[in-house]
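Below: one structure, written as structure tokens.
Residue numbering restarts at 1 for every chain, and letters A, B, ... go by the order of the sequence lines. Values in this document were obtained by computation on a predicted structure and should not be read as measured data.
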Amino acid sequence: MKTKIKEYRARYNLTQEKLAQIVRVRRETILFVEQGKYVPSLKLAYDIARALKAKIEDIFFFEK
Amino acid sequence: MQAKTFFFIRILTAIFLAMIVSVSITLGNFILPLVAMVTAIVFLWTTKKKVQAILEDELDYKIAGEASRLAVMIYAMLSAALGIYFIACRENNYIYEILGSVLCYSTCFLMILQSLIFKYLRNKNYQNIKNED
């Protein structure tokens with residue numbers, strides 16, 4: 001899984017800590033999701049997408 | 001309250017609890033550690049509610065689930081093997097048979113408990129999905 005969380009965070013000037021606070025998870029979880037090491041639940045993916053004012057498919061990319 | 005403050009409170013509580021347990025072992029009092037443990041659990045539970053930072057999330061729950069599954073698997077395999085070994089060596093000492101039986105029965109109990117909880121949680125989730133439909 002690849003994500004564009006970093007790009008979107010930079011666009012809205014959001015730190016990992018701030019994004020984590022908005023979506024109510026720990027900063028480490030955002031870090032793992034951002035690096036593609038952890039596939040989030042649909043709810044968390046939706047929350048992240050909403051916090052970054054984008055659609056889920058704009059942020060998360062799954063590769064076979 | 002910050003997460004760091006809660007972390008220090010947790011460490012202090014553990015140190016305090018260890019001190020009480022060691023003192024009560026020396027005194028031969030077994031009610032004191034029980035009371036201290038219950039008090040510590042209630043204290044930490046109420047303090048945790050005051051923490052504004054997120055202490056655990058879905059990643060932690062996922063890891064906790066995997067850790068529990070592995071712990072049960074390792075314990076079951078080790079204690080079953082040890083239990084069988086002790087029962088096989090019962091000729092040497094009669095205590096071995098008791099020890100082996102305790103280990104084997106505790107493994108059975110753990111596995112039954114795990115299956116029951118698994119079944120309960122699966123049915124609960126299934127029921128939630130059915131209700132949403």
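- B/L59 places none of its side-chain heavy atoms less than 4.5 Å from the side chain of A/E28.
- Checked for salt-bridge contact, A/R26 and B/D60 meet the test: a charged N lies under 4.0 Å from a carboxylate O.
- Annotation for B/F6: atom CZ counts as buried by contact number, over 12 foreign heavy atoms lying within 6.0 Å.
- No more than 12 heavy atoms of other residues, nucleotides or ligands sit less than 6.0 Å from atom CZ of B/F118.
- Residues A/Y46 and A/I22 share a single hydrophobic cluster, defined by chaining ILVMFWY side chains whose heavy atoms lie under 4.5 Å apart.
- Both A/V23 and A/I56 belong to a single network of hydrophobic side chains, linked directly or stepwise wherever heavy atoms of I, L, V, M, F, W or Y lie under 4.5 Å apart.
- The two residues A/S41 and B/E58 come nearest to each other via the heavy atoms OG-OE1, 2.6 Å.
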